[in-house]
Amino acid sequence: MVPIIRVVFICLLLGVVGGVFVYLRNQHVQRGDEIRSVEIEIAELDREIQLWVLRIANSKDRVELNRRLDWQNSDLRSISPANILKIESSP
Amino acid sequence: MDKQQQSRIVRACLFLVILLGSLSVRLVYIQFFKGDALSESARVHYEHEQILEAPRGRIFDRNGELLASSQVVYNLVVDCVHLRDPGLARMGLARKEGKDVKSLRYRYQPDELQNRYFEYVVEVLSGVTRVPQPELAKKLKSKDTGELVLARNIEDDFQRELQKVLTDKAIGGVYLRQTHRRNYPSPQTLTHVIGYVGGDQKGREGIEKVFDTEMTGIDGYKVCERDRRRQEIYAYRKASIAPIPGKDVYLTIDMGLQSEVENQIVKLMTMYSPEKISTVWLRPKTGEVLAMANRPHFDLESRVGARRNIAVSDLYQPGSTFKLVAFGGAFDQGVVSPDTLIDCHDGEYSGEGFVMKDHAPFGKLTAEMVLAKSSNIGTYMVARPLGRDGFHHYMDLFGFGRKTGIASTAESPGAIYPVNQWTGPSFSSKAIGYEVMVTPLQMATACGVIANGGVYQSPVLVKGVTDSDAADFNGGAQNRARRVISKEAAADLKDCMVTALRIGTARRAAIPGYTVAGKTGTARKHVENVGYVDGRYVVSFVGFLPADDPELLGIIVIDDPKSNDLDLYGGTVAAPAFKSIAQEAVKILGIMPNAPLETTSRTNESSVASIRD
């Protein structure tokens, strides 16, 4: 009987090891998927930041700005850059 | 158990041993002999090498204002074959009708299925792209195979919105394909300098081309395994090399000044309808170009217009501004001083087999007044002691006939021709700025020699090149400085130029509060295969300020201005244009006044007769 118990024990051990291995592997893949989705989210946010940086830069185009001010009949139109005071930030 | 049974068992066992043995042999064979090849072919299905594209470097002005940047955009693409796929059509219609895909299998005839799906796609796409349905339907029907691009340059946020619609509505055969676009926030400004990129994101003109290697990054890659939905299994990611973004280029340009310059030349285009205008503004001490603008214009968005950067590519005969070379050489050699009396032959000289004329009869003038009044005959008399070789030598020293080395495409070296190709009147012509071909930038740089106390500073357009986190800032092309004329000669010539603004032809360029040194130029226009044309001129002005400690140097060249109520001279057209730009520029650049404000109150009243040239 003893060898049979040994065989059963070894089989159980192997089963447990296999189960743990599969469980850990699944967890690994699951965490990986989570990391990947965070990576994708970061990349999307990066692209969104870039997009807004560009949109802000585009909106600062002097020609376009003047055209819009002109269209709005604003008193701010055609202000020469020479008449704009630049306030430097304090060190 | 009888013997027969035993024999059967043995045979069965033998059979099993042979069967399993041969299977084992086969397994061993596959594992050891075919293993590599089979795992390789399996790897193709689950392993994927994804290229991580490196973004192209950006371009900034000297104050960090963004001038060019790459942007991820998407094209809305229709795969014409997939659009006609019955499986995809059933999935789409099932979503539309809220039914099961299988239930549609026998519900519609193939043609009906196709038409219904087509109408559904048109309806959905028309809603999101705001293209009228008939127009969209016509476009989709125009092609049966291959791809059809429905919309280009879709920005990231709209792309996500679109993707959601396509997924929610189960539209198959329509995809959003990622691509890159070069974005120029100011597409109407500094266009000739910045240049542009082609469809392959490679520089084609201007800074984009000159710094293409630096701005092109190095693509990275990652090797990963993908699941059956072709999505990456992060846990099995293998090698991963991050892309190295292209380097950013910082220009010496000040966009505040640039926009003022562009505004002014637009006004000049309206006032004089010239063939061309070119203007360059630089800091003479460092050679840094602060502004550079040309007309005809080039639109970076539509890519319509003249692509050449006239300031560095187009040649013109400078006329009287070139007299600075003759005076610089003569002062440097000590053959003439500002006080030397020069005989201007009362407006006509014909002593050497050719005739020279002045715009007004001058008798004897000091050399200083010869320059101030811009006498042609007087200038030749000043240059004559240098001899042909000497004069050619100074033309060369001032940088004419060779490229300045500025970071721009298609720079022209100009043409001053070797002495042995000169004809009888060539020397006199060249002394007054004819028979020489120069670029506006060369002329500005030559004037910079006088502003810099006799030292030539080659112009620079790039302040530095840096990686994207500004960690490694390398200076731009080092400008080369060399002495051309002595400090004393440069000071004398500068005084003569100040006189030209005080009482000479350049009076209309005077700016209250600043001492300005400058020289006007009016050259008859030379048309190829026609010769010099009467009544058509290239007028120009080159000058710097404050004269004692120059911070700003500018040149403006107006080719063939037209006006019914104004005599067209450098003094009447280009000098006031210089003034209007310079008096705004000093405020933008913070250049402090160095002279009393009333100095030039009478300049605008000067008669045209006294400022010809």
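Treat the numbers as computed from the prediction; the structure is a model and nothing was measured. Every chain is numbered from 1 and lettered A, B, ... according to where its sequence line falls, protein lines coming before strand lines.
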Quiz item: Just how far is it from atom CD1 of I49(A) to atom CG of D156(B), taken to the nearest 0.5 Å?
Solution: 11.5 Å
Self-check item: Distance (rounded to the nearest 0.5 Å) between E232(B) CD and E39(A) CD
Solution: 7.0 Å
Quiz item: From N183(B) CG over to Q50(A) CD, what is the distance, rounded to the nearest 0.5 angstrom?
Solution: 11.0 Å
Practice problem: Show your reasoning for whether salt bridge (Lys or Arg N to Asp or Glu O under 4.0 Å) applies to E48(A) and R160(B). | Solution: CA-CA 11 Å; E48(A) 201 169 334; R160(B) 266 182 258 172; 3.5 Å; yes
Quiz item: salt bridge (Lys or Arg N to Asp or Glu O under 4.0 Å) with R62(A): which of E65(B), E260(B), E262(B)?
Solution: E65(B)
Quiz item: Checking heavy atoms, do the side chain of E584(B), its backbone, both or neither come under 4.5 Å from chain A?
Solution: both
Quiz item: Are more than 12 heavy atoms from other residues, nucleotides or ligands located less than 6.0 Å from atom NE2 of H28(A)?
Solution: no
Exercise. For atom CZ of R177(B), decide whether the heavy atoms of other residues, nucleotides or ligands shown that lie under 6.0 angstrom number more than 12.
Key: no
Practice problem: With a 4.5 angstrom heavy-atom cut-off, could you sort out which part of V63(A) is near chain B: side chain, backbone, both or neither? | Solution: side chain
Self-check item: R31(A) portion near chain B, given a 4.5 angstrom heavy-atom threshold
Solution: neither
Exercise. Go through L54(A), D33(A), V53(A) and name the one with the most non-hydrogen pairs under 4.5 angstrom from chain B.
Key: L54(A)
Quiz item: Using a cut-off of under 4.5 Å for heavy-atom pairs, which of D157(B), V72(B), L66(B), I233(B) has the most such pairs with chain A?
Solution: D157(B)
Quiz item: Do you know which of Q583(B), Q188(B), E155(B) has the most heavy-atom pairs under 4.5 Å to chain A?
Solution: E155(B)
Quiz item: Is any side-chain heavy atom of N58(A) closer than 4.5 Å to a side-chain heavy atom of P185(B)?
Solution: yes
Quiz item: Is the count of non-hydrogen atoms from other residues, nucleotides or ligands lying under 6.0 Å from E41(A) atom CD greater than 12?
Solution: no
Quiz item: Is there side-chain contact between Y234(B) and V29(A), with heavy atoms separated by less than 4.5 Å?
Solution: no
Quiz prompt | K60(A) NZ to M255(B) CE distance, which is reported to the nearest 0.5 Å | solution = 11.0 Å
